[in-house]
Amino acid sequence: MDRLVIEGGTPLEGRLQAGGAKNAALPCIAAALLGADTVALERLPAVSDIRTMLKVLQALGCEVLREDTEEGLAYRAEIRAAGLEAGELRAPYELVKTMRASILVLGPLLARFGRASVSLPGGCAIGARPVNLHLEALERMGATIRISGGYVEAEVPSGRLKGIDHTFEKVSVGATENILMAAALAEGTTVLRNAAAEPEIGDLARLLIAMGARIEGLDSATLTIRGVPALGGAAHAVIPDRIEVGTYLCAVAAAGGDAVIERCLPEQVRALIDLLERAGCTFTEREGPEGLQLRIRREPGQKLRAKDILTAPYPGFPTDLQAQAMAVMTQACGISVIKETIFENRFQHAMELERLGANLRIEGGTAIVAGPAPLTGCTVMATDLRASATLVIAGLVASGQTTVDRIYHLDRGYAGLERKLQGLGARIRRVGGGSV
Ligand code: UD1
């Protein structure tokens, strides 16, 4: 099993380029199931979650061509979902268990073929993460759903899903995406209220529109979808990954330095920029040859101030950056109260941070961090995707050597993490299974 070995204490200086957003790419891949023509996707990050999703589509009978781009950091994929009718339309447990987002094939399959069998994703390290909101909305659209042998067995007795006026009881990114895709091919109009407004949903909607869908209210909490009988092919490049960008911003804030992130959309990381600005970092944004550039600086000697954090649906502070921001707060002067409101069990990184020397306490859904605490390197274990990134950030700050174990979690969502950090002067290397 690979690990990352980090020699901390070096400020981060240089430039890096943001990759495409994993969480936008995943639903875009699922959307290819909505039509029989080729959907060509650019800037898919070269991470294992994307390879898993492409495998799910292959298992369903799609033709998938994948090529490396951007020096191995990205993929371009052509997906053709023709001739699937004859198949089982089954997303198997072996794939779904490794990645919950596989549930996103359910809406498109039901909408186009009137049947689907998708393994239930099961539990997850960061909380229960049920799929009730997805299933309730599909049932209201006319699907019959039963759970059998660990699978969601769904069919549409009338042959075609019907549009509904639906208010999600809770804001859910995945449920909004699943129902948005289903509604694109449903009969009549669907109105989705209390929908998630994360930028990844806007990106999916733009791909669907390019395929011929009729959607209004993009990037808002109310989406109106007028169903069409069929969708065609399209070409689409996914948006930059705001969580990846946010992770590097946290790394620079925690370790100090001066870095430019190219090809990103600062507007989509505004909640984090605001936090880090209040904490003492300086930001500048400007047009570059490849889109917007964001520069972050924390000068030597510039102390960080502790700030409170409350995670919330977009445009609030993203739960996916809570762990990384906690690493920053271990270095800030004062007390930071971090409240996690989206997932009930998302502080697993806290105990590993404590092993590195962080001074913190967990009370239910709240973490109380007192800083600044001197961190010293040791071996720590990654528990989930974003928790792993936090340990890397802490390792960049810590004196001595930090080894981050179980980095297969990191490889699910960060393309070329060590390469990008090395580009900023970090002393970080990947070592294979044996001894370090
Ligand atoms: C997506 C992101 C994930 C991010 C999360 C919240 C992808 C692939 N993943 O996950 O990185 O952390 O949004 O921004 O895009 N819930 C229910 N019932 C449901 C569905 C969700 O109760 O049917 C609950 C969840 O347990 C959680 C909350 O709703 O408490 C939000 O979850 P949701 O937005 O659905 O997260 P995902 O789409 O799984």
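Whatever order the structure lists them in is the order used to number ligands and atoms, beginning at 1.
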Would you please say whether a donor-acceptor pair under 3.5 Å links the side chains of [X] and [Y]?
X    : Y    : result
D203 : H236 : yes
T247 : Y414 : yes
H134 : N178 : yes
R51  : Y75  : yes
E340 : T319 : yes
T311 : Q322 : no
H166 : R140 : yes

(request) Pick one of side chain, backbone, both or neither for how V173 approaches ligand 1, counting any non-hydrogen atom pair under 4.0 Å. (result)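 Within the 4.0 Å criterion, V173 contacts ligand 1 through backbone and side-chain atoms alike.
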(request) Answer side chain, backbone, both or neither: which part of E200 comes under 4.0 Å from ligand 1, heavy atoms only. (result) neither
Element-labelled atoms of ligand 1 that are located less than 4.0 Å from some non-hydrogen atom of [X]:
X    : value
G174 : 35 (O), 38 (O)
T319 : 6 (C), 12 (O), 14 (O)
R100 : 39 (O)
V131 : 19 (C), 23 (O)
I342 : 27 (C), 30 (O), 31 (C)

(message) Is it true that, when you exclude R361 itself, more than 12 heavy atoms of the residues, nucleotides or ligands shown sit nearer than 6.0 Å to its CZ?
(response)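 Not more than 12 within 6.0 Å, no.
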(request) For K339, look at atom NZ and say whether over 12 heavy atoms of other residues, nucleotides or ligands are found less than 6.0 Å away. (result) no
(request) Show your reasoning for whether salt bridge (charged side-chain N to carboxylate O under 4.0 Å, His left out) applies to R43 and E70. (result) CA-CA 8 Å; R43 304 210 63 215; E70 303 183 25; 3.3 Å; yes
Output yes when the distance from some N or O of ligand 1 to some N or O of [X] is under 3.5 Å, and no in every other case.
X    : value
N23  : yes
A101 : no
L26  : no
E177 : no
K22  : no
L133 : yes

When you measure from the heavy atoms of [X] to every atom of ligand 1, does any distance fall below 4.0 Å?
X    : answer
P130 : yes
R346 : yes
H134 : yes

